[in-house]
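Quick notes on the structure that follows.
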Number of protein chains: 2
Amino acid sequence: MEQLDRVFSALADPTRRAILARLAEGEATVNELVEPFDLSQPTISQHLKVLEHAGLVSRGRAAQFRPVRLNAAPLAGAARWIGDYRRFWEESLDQLDAYVKNMQAKEKRHGSKRKR
Amino acid sequence: MEQLDRVFSALADPTRRAILARLAEGEATVNELVEPFDLSQPTISQHLKVLEHAGLVSRGRAAQFRPVRLNAAPLAGAARWIGDYRRFWEESLDQLDAYVKNMQAKEKRHGSKRKR
DNA sequence: TCTCTATATAGCTATTTACCTATTTACGAT
DNA sequence: ATCGTAAATAGGTAAATAGCTATATAGAGA
């Protein structure tokens with residue numbers, strides 16, 4: 001399995017995305033990460049393992065705590081991959097934009113038919 | 001399941017990313033998409049279904065063909081999610097950069113110890 | 001209507017995933 | 001030494017996923 005695969009599939013789970021969001025505010029212990037979720041500690045530890053294998057978090061050691069911190073570097077690759085498609089969605093946003101403008105122009109011309 | 005979940009998990013598979021890359025060059029029939037892979041037609045159809053549920057492709061109808069075309073719009077959401085972390089990886093790239101520069105400076109100062 | 005081709009669907013298997021509870025390990029502190 | 005707490009690991013289950021072959025459907029053209 002490749003790096004990009006692991007990154008995207010790590011991001012596919014909302015719990016894991018929430019964990020990353022939390023870590024964006026600073027490092028946390030496992031129990032701190034468990035707290036906001038209605039999930040068991042081992043389940044969170046497992047999610048952390050997935051994130052770790054994707055290279056998205058790294059672990060320290062401080063007494064009996066294993067602080068987790070964000071490592072965003074692998075997101076660069078994902079961003080680059082998606083970025084290659086930017087022109088396509090911008091195109092379609094332009095089309096949407098054009099469509100909306102067109103509709104608004106029509107609304108003006110036939111103002112009497114306006115709803116509401 | 002939410003949209004972003006479906007988008008990221010669609011992107012987690014290299015076959016599906018390759019299909020999207022192919023579609024970036026223009027629409028294609030299912031058989032055209034099967035050809036480059038060592039996978040059966042039903043397997044590709046299934047991948048297309050995943051992409052379709054993620055909103056990443058849409059299907060037409062032309063005679064007995066069901067042309068597949070790229071719909072990049074949902075990638076915008078994924079890009080935006082990842083984009084929120086850009087500052088973190090740029091930070092770490094800066095650190096890497098600083099590290100490299102530092103090493104190079106040391107190399108210069110102790111030029112005689114250079115290896116190779 | 002019969003046939004050919006494109007694609008979808010059915011039904012199967014093996015693997016992976018997400019969760020759980022119970023237990024173990026690793027420290028720190030008393 | 002033992003107690004308490006943080007986190008990992010073991011071991012289990014149910015559901016999802018990725019693949020296959022075989023078959024069904026839909027439309028074009030003879």
Side-chain angles (χ1 to χ4, degrees), chain A residues 1-23 26-71 74, chain B residues 1-23 26-71 74:
Chain A
M1 217 206 230
E2 218 194 304
Q3 173 73 359
L4 203 47
D5 298 30
R6 275 188 285 256
V7 171
F8 280 128
S9 69
L11 297 182
D13 186 284
T15 301
R16 288 191 293 258
R17 288 199 306 277
I19 289 174
L20 293 178
R22 164 63 188 78
L23 293 175
E27 68 175 34
T29 66
V30 175
N31 277 335
E32 284 166 351
L33 294 172
V34 169
E35 207 261 313
F37 300 101
D38 196 25
L39 294 172
S40 69
Q41 172 263 313
T43 296
I44 297 297
S45 283
Q46 202 180 260
H47 281 306
L48 290 174
K49 202 181 286 181
V50 173
L51 289 168
E52 201 176 357
H53 286 146
L56 289 165
V57 305
S58 57
R59 323 288 310 265
R61 168 71 82 180
Q64 68 271 66
F65 303 91
R66 310 285 318 275
V68 186
R69 62 189 121 62
L70 179 63
N71 180 9
Chain B
M1 218 206 227
E2 216 193 304
Q3 174 73 357
L4 204 47
D5 299 28
R6 274 188 286 255
V7 171
F8 279 128
S9 69
L11 297 184
D13 185 286
T15 301
R16 288 191 293 258
R17 289 199 307 277
I19 289 173
L20 293 177
R22 165 64 187 78
L23 293 175
E27 69 175 34
T29 67
V30 175
N31 277 336
E32 284 167 350
L33 293 173
V34 169
E35 206 262 314
F37 300 101
D38 197 25
L39 294 173
S40 69
Q41 171 264 312
T43 296
I44 298 297
S45 283
Q46 201 180 262
H47 280 306
L48 290 174
K49 201 182 284 182
V50 173
L51 290 168
E52 201 176 356
H53 286 145
L56 290 166
V57 305
S58 57
R59 321 290 309 266
R61 169 68 83 178
Q64 67 272 64
F65 303 91
R66 309 287 316 278
V68 186
R69 63 189 121 61
L70 179 65
N71 180 9

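Because the structure is predicted, anything quoted here is derived from the model rather than measured. The sequence lines fix the lettering, A, B, ..., with proteins before strands; numbering per chain opens at 1.
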inquiry  = Using the side-chain heavy atoms of A:Asp13, tell me which of these nucleotides is nearest: D:dA8, D:dT21, C:dA18.
reply    = C:dA18
inquiry  = Return whichever of A:Gln64 or B:Gln64 has its heavy-atom-nearest nucleotide of DNA chain D closer to the 5' end.
reply    = A:Gln64
message = In whole Å, I'd like the distance from the CG atom of A:Asp38 to the P atom of C:dT21.
response = 11 Å
ask   = Within this structure, what is the CG-to-C1' distance between A:Leu39 and D:dA7, rounded to whole angstrom?
value = 16 Å
inquiry  = Less than 4.0 angstrom between a side-chain N/O of A:Arg61 and OP1 or OP2 of C:dC27, yes or no?
reply    = yes
query = For the residue pair A:Leu23 and A:Arg69, what are the closest heavy atoms and their distance?
reply = CD1-C, 4.4 Å
query = Is the number of heavy atoms from other residues, nucleotides or ligands under 6.0 Å of B:Glu35 CD greater than 12?
reply = no
query = OP1 or OP2 of D:dT5 sitting under 4.0 Å from any side-chain N/O of A:Asn31?
reply = no
ask   = B:Leu51 has an atom CG; how far is it from atom P of D:dA18, in whole Å?
value = 10 Å
request  = In whole angstrom, give the distance that lies between atom CG of B:Leu48 and atom P of C:dA6.
outcome  = 16 Å
key: Short side-chain N/O contact to D:dT9 OP1/OP2 from A:Lys49, under 4.0 Å   = yes
request  = Kindly say if B:His47 contacts the phosphate of D:dT17, meaning a side-chain N or O under 4.0 Å from OP1 or OP2.
outcome  = no
task = Would you tell me if any nitrogen or oxygen in the side chain of B:Arg66 comes within less than 4.0 Å of OP1 or OP2 on C:dA8?
result = yes
request  = Please figure out whether A:Thr43 or A:Met1 has its closest DNA chain C nucleotide nearer the 5' end.
outcome  = A:Met1
message = If the cut-off is 4.0 Å, is A:Arg59 near the phosphate of D:dA8, judged by side-chain N/O to OP1 or OP2?
response = yes
ask   = Looking at A:Ala12 and B:Phe8, what are the two nearest heavy atoms and their distance?
value = CA-CB, 3.6 Å
key: Euclidean distance, atom CD of residue A:Glu32 to atom P of D:dT5 [Å, nearest integer]   = 16 Å
ask   = Does C:dC19 have OP1 or OP2 sitting under 4.0 Å from an N or O in the side chain of A:Ser40?
value = no
ask   = Would one find a side-chain N or O of A:Ser45 under 4.0 angstrom from OP1 or OP2 of D:dA8?
value = yes
request  = Report the distance from atom CG of B:Asp5 to atom P of C:dA18, rounded to the nearest whole Å.
outcome  = 11 Å
ask   = Under the criterion side chain to side chain contact (heavy atoms under 4.5 Å, CB included), which of B:Val68, B:Leu39, B:Val57 is the partner of B:Leu33?
value = B:Val68
ask   = Do the non-hydrogen side-chain atoms of B:Leu56 and B:Arg16 ever get within less than 4.5 Å of each other?
value = no
task = Over all heavy atoms of both residues, which pair between A:Pro36 and A:Glu32 is shortest? Give the atoms and the distance, please.
result = CD-O, 3.2 Å
ask   = What nucleic acid atoms does A:Thr15 come within less than 4.0 Å of, heavy atoms only: base, sugar-phosphate, or nothing?
value = nothing
message = When you measure from the side-chain N and O atoms of A:Thr29 to the phosphate of D:dA6, is any distance below 4.0 Å, counting only OP1 and OP2?
response = no
key: Length of the line joining B:His53:NE2 and D:dA18:P, which is rounded to integer Å   = 13 Å
Minimum-distance nucleotide (side-chain atoms of A:Phe65 versus C:dA18, D:dA6, C:dA8) = D:dA6
inquiry  = In whole Å, I'd like the distance from the CD1 atom of B:Ile44 to the P atom of D:dA18.
reply    = 12 Å
key: Side-chain donor/acceptor contact of A:Gln41 with base of D:dA8 under 3.5 Å   = yes
